Student: 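There's a structure below that I have some questions on.
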Amino acid sequence: MLVNTVILFVKDILPICVLLSVASTVVPKHYVGRTIVSLLSAFVFLCVCLLFYFIEVLGGLFGGDGVEIFNAVVTAAVYVSLLMMTPRLIARVQVNFVGLTSLAIALGLFTAIHLSEFLLYFLTFLSDRNTLVSIVIGSFFGIGICLSFSALFFLFLTRFLVFTHYSKMIAWGLYLASFVMQLVTVLQQIGQLSTSLSLWDSTNLVADDSEYGYLLNTLLGYISSPTVEHVLAYLLSLVVTSVVLFCTLRGIPVALAPKALRSSK
Amino acid sequence: MAMAKEFHITLKDHVFTPSEIVIPANTKVKLIIHNEDDTLEEFDSFDLNREKVLFPGRAGRIFIGPLPKGQYEYFGEYFPNSARGLVIVEAENAG
């Protein structure tokens, strides 16, 4: 139970920490005041409560695929709202209200759905005396892993990647594509997207259920045996992100791009 | 679109029955999992790249395949020690 709790932390809570770390690097600091954080926290709390109490009702919708469809919509919303923030990555572009609001809502819903799924597990066992100690110890380990990793990741994003223009763009493109991979998997699971045979199997290299597998899945959308649909969607996402970056670069004088980069820190 | 062939699994006392199901290779099938326990469970499989919350007293469905011949493990995320099983993919006339 202890190991299981730690695994669930890495699976459900780590993606939230990583997403918040990434979002905090592209959203201008002066937009993230105490009021915004309080409002977002209240929104997440409300969504978690609603999802927790109504998840069974939600699960019964659309022929039993309600949770998956909701998950797919939220994943797509996160992808689109992050994509809208892409210009901020390389230039001091003004963030509009719609973009910021949609990102906040998408972040809130993403956090809420992961938190509520985790709470379902957590509260199922918390009331059981036999598993209480394991759950609590596992939670300490899980919180420690998630917080320490997200702190290191945030430092990596803000201190290292910011100096290397192209690596930042590549990392951003790969991270965005990870949401597309999740979306494809969910749609295949509910039969809304065709599924072809796996193109390769790299389980021997990095297994999906290994620590690296979880991490790479969260950061890059790694799947050890992707289908053609996964690969095509991944490549398409990289192309879309590249086009947005290219258009942003074209929109500002090329000679000013490095200056814009420096001033956007 | 042709209807996918259905296969049923039941979860009772945190054990999947049958623990092994045989499905045809290179064919998309629908797996219906009935949770007869009074607790939640999450069907999870890294081999199949699937996960699904199973509510007490309800059935959940997932589509799997087409898959090449082989054995694919699945487990219940909440009770992984007892709730385990295999999807065995065989060439022809399986099921």
Side-chain angles (χ1 to χ4, degrees), chain A residues 1 3-5 7-8 11-12 55-60 62-68 71 113 116-125 127-128 131 181-182 184-198 201 203 207-210 213-214 217 222-228 230, chain B residues 1-6 8 14 23-35 37-84 89:
Chain A
M1 197 54 70
V3 176
N4 213 27
T5 305
I7 288 172
L8 280 169
K11 204 179 119 187
D12 286 330
I55 198 162
E56 202 164 338
V57 178
L58 181 67
F62 305 108
D65 294 332
V67 173
E68 284 78 7
N71 211 338
I113 197 160
S116 56
E117 281 188 11
F118 179 78
L119 279 178
L120 283 175
Y121 165 82
F122 194 73
L123 296 178
T124 299
F125 292 105
S127 54
D128 186 348
T131 55
M181 292 290 265
Q182 290 172 34
V184 169
T185 302
V186 171
L187 292 178
Q188 286 179 333
Q189 175 166 315
I190 59 176
Q192 294 300 315
L193 189 67
S194 64
T195 310
S196 57
L197 288 168
S198 298
D201 189 351
T203 305
D208 287 323
D209 57 348
S210 67
Y214 282 118
N217 178 266
Y222 172 80
I223 295 173
S224 60
S225 49
T227 61
V228 175
H230 280 115
Chain B
M1 195 174 76
M3 289 283 282
K5 194 172 178 184
E6 290 183 2
H8 293 257
H14 313 304
I23 67 168
N26 305 322
T27 310
K28 185 177 181 177
V29 303
K30 191 197 284 187
L31 208 57
I32 299 173
I33 311 130
H34 305 265
N35 182 4
D37 283 332
D38 54 5
T39 54
L40 275 169
E41 184 54 278
E42 186 166 332
F43 178 92
D44 206 329
S45 172
F46 291 102
D47 293 349
L48 299 166
N49 194 18
R50 295 287 181 264
E51 57 179 12
K52 169 101 184 165
V53 177
L54 304 169
F55 296 103
R58 292 200 177 189
R61 62 170 189 187
I62 54 171
F63 287 87
I64 57 171
L67 295 163
K69 280 195 293 182
Q71 296 191 344
Y72 301 82
E73 276 187 70
Y74 66 85
F75 59 94
E77 200 166 53
Y78 292 9
F79 298 91
N81 294 330
S82 57
R84 305 194 75 88
V89 182

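As the structure is a computational prediction, the values presented were derived from the model and not from experiment. In the text below, chain A, chain B and the rest are named by the order of the sequence lines, each starting its count at 1.
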Student: Is there a side-chain contact (heavy atoms from CB on, under 4.5 Å) between A/N4 and B/F79 once you walk through the steps?
Tutor: CA-CA 9 Å; A/N4 213 27; B/F79 298 91; over 6 Å; no
Student: Taking atom CD of B/E42 and atom CD of A/E117, what is their separation to the nearest 0.5 Å?
Tutor: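 Going from CD on B/E42 over to CD on A/E117, the span is 6.0 Å.
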Student: How long is the straight-line distance from CG of A/L8 back to CG of B/D44, given to the nearest 0.5 Å?
Tutor: 8.5 Å
Student: Hey, could you give me the OG1/CG distance between A/T185 and B/L48, rounded to the nearest 0.5 Å?
Tutor: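 If we round to the nearest 0.5 Å, A/T185:OG1 and B/L48:CG are 12.0 Å apart.
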Student: Would a 4.5 Å heavy-atom cut-off, applied to side chains only, mark A/I55 and B/F55 as touching?
Tutor: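 Answer yes - side chains close enough.
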Student: A/I7, A/T195, A/V186: which one forms the most heavy-atom pairs within less than 4.5 Å of chain B?
Tutor: A/T195
Student: With respect to B/F46, which candidate in A/D209, A/T203, A/I223 satisfies the side-chain contact (heavy atoms from CB on, under 4.5 Å) definition?
Tutor: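 Of all the options given, the one that passes is A/D209.
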Student: Which region of B/P66, side chain (C-beta onward) or backbone (N, CA, C, O), has a non-hydrogen atom less than 4.5 Å from a non-hydrogen atom of chain A, or is it both or neither?
Tutor: both
Student: To the nearest 0.5 angstrom, please state how far the CD atom of A/E56 sits from the CZ atom of B/R58.
Tutor: 4.5 Å
Student: Check each atom of B/L67 against the heavy atoms of chain A and say whether the ones under 4.5 Å are side chain, backbone, both or neither.
Tutor: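 When you check distances to chain A, only backbone atoms of B/L67 fall under 4.5 Å.
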Student: Between A/K11 and B/E51 (salt bridge meaning N to carboxylate O under 4.0 Å), is one present in this structure?
Tutor: yes
Student: Need one label for B/N81: side chain, backbone, both or neither, based on atoms under 4.5 Å from any heavy atom in chain A.
Tutor: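 Neither part; nothing is under 4.5 Å.
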Student: In terms of heavy-atom pairs under 4.5 Å with chain B, which of A/G63, A/G64, A/S224, A/G59 leads?
Tutor: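 Counting heavy-atom pairs under 4.5 Å, the top option is A/G63.
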Student: What part of B/K52 gets closer than 4.5 Å to chain A, counting heavy atoms only: side chain, backbone, both or neither?
Tutor: both
Student: Quick check on ring-ring contact (aromatic ring centres under 6.0 Å, His included): which of A/Y121, A/F122, A/F118 does B/Y78 satisfy it with?
Tutor: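 Per the ring-ring contact (aromatic ring centres under 6.0 Å, His included) rule, the option paired with B/Y78 is A/Y121, out of A/Y121, A/F122, A/F118.
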Student: So do A/S225 and B/N49 actually touch side chain to side chain, heavy atoms under 4.5 Å?
Tutor: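 Of all side-chain heavy-atom pairs linking A/S225 with B/N49, none is under 4.5 Å.
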Student: Could you tell me which portion of A/D201 (side chain, backbone, both or neither) has an atom closer than 4.5 angstrom to a non-hydrogen atom of chain B?
Tutor: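 The answer is neither part of A/D201.
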Student: Calculate, to the nearest 0.5 Å, the distance between atoms CZ and CD belonging to B/F63 and A/Q188 respectively.
Tutor: 12.0 Å
Student: Counting only non-hydrogen atoms closer than 4.5 Å, does A/L193 touch chain B with its backbone (N, CA, C, O), its side chain (CB onward), both, or neither?
Tutor: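 Backbone only.
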Student: Heavy-atom distances under 4.5 Å only: say whether A/S196 touches chain B with side chain, backbone, both or neither.
Tutor: backbone
